[in-house]
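As structure tokens, the structure follows; a few thoughts come after it.
Only this structure's heavy atoms are used, side chains among them; waters, hydrogens and symmetry mates stay out. Here the structure is a predicted model, which is why all the values come from computation and not from measurement.
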Amino acid sequence: MRRWTCATPASSSRRWTPTSSPAASTTSRRRCCRRRCRRRWRRSRRFCPEARNLLVIPETGARCSFYLDNLATLARIFTQAGLNVRFGTLDTAVTAPTELPMANGASLTVEPLVRRRGRLTLKGFDPCTILLNNDLAAGTPPQLMGLHEQYLLPPLHAGWTVRRKSRHFRTYEEVAKRFAKLLGMDPWLITPMSASVDLRGPQGLAALQAAADAQLAKVRRKYKEYGINEKPFVIVKSDVGSYGRGVMTVRDAKDIEALAAQLPENLGEEALVQEGVPTHERVHQAVAEPVVYTMDRYVVGGYYRVHAGRGIDENLKAPGASYVPLAFAESPHLPRPGEKPGASAPNRFYMYGVIGRLAMLAASYELEATDPQAEV
């Protein structure tokens, strides 16, 4: 994987100086935190005094064994935390509790949702909180609207009905720039360049070619600056959603003309042209890319997405992919305080976690900016 090792010179010594008194800032944050916690506690006590039931809504029609394993793991984590967990489906074809077989011989039960005024329930199960494990790529279903008496996590505006990849990466770029400034490093080392393109109208294809050509030129300059002897490429993909959307690798903007017939079907009306990052990791000789799991601001694990039939410049999220747990537990080498850069063994797993936390911070800013009920 590219560029995720900080290359700060040993001679540089940079410190971040707060603009206000640390003590005053800390006191202010604590007061705000206490007020926020009291408000949330009062709301939770009003909506659900005992806060014990959790409803998980998975993707509709998803029968992939890896995804079902993921849901079972979520249920186990929340059950161990003392919650009662059940699964409800948005699939209207499911009219009774249905068991979905898993690869390990166990099964997962999904049940039809029941809407009762301002609450979403199952038969004999009234949840306090609803965990949405569905990206809403097909739109926001009416069952999820107007749930003013229950917590819906994440909120509806986190779904693809509202969200855009381009907005997320712009927000992540700002976070990465601030992070890189603190470390005295080039933010490009942790930020793929990207541009959004509107494909509507007769000039859509020309705009896509121009964006691809501009991104390739920028990547070539960066490769030359850092002595990277590889041919740059960009990834063209839909700016909305993920499943069922084509992901194309482009090394020359002229190649887009040959793909013109596929663009409307695969990309929709909004596209993202993003710098391609070669995938150099291998698992059993197959190309592998890391995916990091976080809860709140904590890294809790991850996995490799592995595809034996794909190259280092291709999308691995495709039929035939398999998944291998990331070796966080087997990688105890953390950066040593006081050591010069490069003196200790590199730990890419630690860096994966740093990038994951930056991405989560960017996502929180993104959701705050798109919140339809934000306080003005």
To the nearest 0.5 Å, what is the distance between [atom1] ([X]) and [atom2] ([Y])?
X: E275; Y: K222; atom1: CD; atom2: NZ; value: 9.5 Å
X: L54; Y: L153; atom1: CG; atom2: CG; value: 8.5 Å
X: R305; Y: E289; atom1: CZ; atom2: CD; value: 5.0 Å
X: T121; Y: R116; atom1: OG1; atom2: CZ; value: 4.0 Å
X: Q143; Y: L120; atom1: CD; atom2: CG; value: 7.5 Å
X: I130; Y: L147; atom1: CD1; atom2: CG; value: 5.0 Å

Heavy-atom pair of closest approach, residues [X] and [Y]:
X: A212; Y: V273; value: CA-CG1, 3.8 Å
X: L122; Y: P112; value: CD2-O, 3.4 Å
X: L71; Y: P58; value: CD1-CB, 3.6 Å
X: P154; Y: A158; value: CB-CB, 3.9 Å
X: T109; Y: P97; value: CG2-CB, 4.1 Å
X: P141; Y: L136; value: CD-CD2, 3.8 Å

Same apolar cluster (I L V M F W Y, side chains within < 4.5 Å links), [X]/[Y]:
X: L144; Y: V162; answer: no
X: M102; Y: L100; answer: yes
X: Y172; Y: M185; answer: yes
X: L361; Y: I355; answer: yes
X: V291; Y: I77; answer: yes

(request) Would you indicate whether Y298, at its atom OH, is surrounded by more than 12 heavy atoms from other residues, nucleotides or ligands within a distance under 6.0 Å? (result) no
Using modelled atom types and a 3.5 Å cut-off, is there a donor and acceptor pairing between side-chain atoms of [X] and backbone atoms of [Y]?
X: N133; Y: I57; value: no
X: H307; Y: P319; value: yes
X: R52; Y: N84; value: no
X: R119; Y: P127; value: yes
X: H168; Y: A362; value: no
X: D239; Y: S166; value: yes
X: R282; Y: H284; value: no
X: N53; Y: D126; value: yes
X: Q209; Y: I256; value: no
X: Y365; Y: E174; value: no

(request) Check step by step if side chain to side chain contact (heavy atoms under 4.5 Å, CB included) holds for L55 and L113. (result) CA-CA 10 Å; L55 171 62; L113 296 170; 3.9 Å; yes
(request) Would you please test D198 and R200 for salt bridge (charged side-chain N to carboxylate O under 4.0 Å, His left out) and show each step? (result) CA-CA 6 Å; D198 188 346; R200 289 169 287 197; 2.9 Å; yes
I'd like to check [X] versus [Y] (side-chain heavy atoms, cut-off strictly below 4.5 Å). Are they in contact?
X: C64; Y: D69; answer: no
X: T129; Y: L83; answer: no
X: L326; Y: P290; answer: yes
X: D91; Y: T98; answer: no
X: L216; Y: K231; answer: no
X: K165; Y: W160; answer: yes
X: K177; Y: T191; answer: no
X: L74; Y: F87; answer: no

(request) Check which hydrophobic residues are tied to L272 through side-chain heavy-atom contacts below 4.5 Å, counting indirect links as well, and list them. (result)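 Via sub-4.5 Å side-chain contacts, L272 links to F169.
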(message) My understanding is that only residues two or more places apart in sequence, or in another chain, count here; which of them pass ring-ring contact (aromatic ring centres under 6.0 Å, His included) with Y323?
(response)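 Only F66, Y303 meet the ring-ring contact (aromatic ring centres under 6.0 Å, His included) criterion with Y323.
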(message) So, using ring-ring contact (aromatic ring centres under 6.0 Å, His included) as the criterion, who are the partners of F78 when residues are at least two apart?
(response) none
(request) Check whether the side chains of W188 and E225 place a donor and an acceptor atom closer than 3.5 Å, and report yes or no. (result)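 No, no side-chain donor-acceptor pair sits under 3.5 Å.
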(request) Using the salt bridge (Lys or Arg N to Asp or Glu O under 4.0 Å) rule, pick out the option among K237, R167, R164 that qualifies with E270. (result) R164
(request) Give the intermediate values and the outcome of side chain to side chain contact (heavy atoms under 4.5 Å, CB included) for residues M351 and V354. (result) CA-CA 5 Å; M351 197 58 208; V354 172; 4.0 Å; yes
(request) For the pair E366 and R163, evaluate salt bridge (charged side-chain N to carboxylate O under 4.0 Å, His left out) and give the outcome as yes or no after the intermediate values. (result) CA-CA 9 Å; E366 176 194 358; R163 201 176 185 204; 2.8 Å; yes
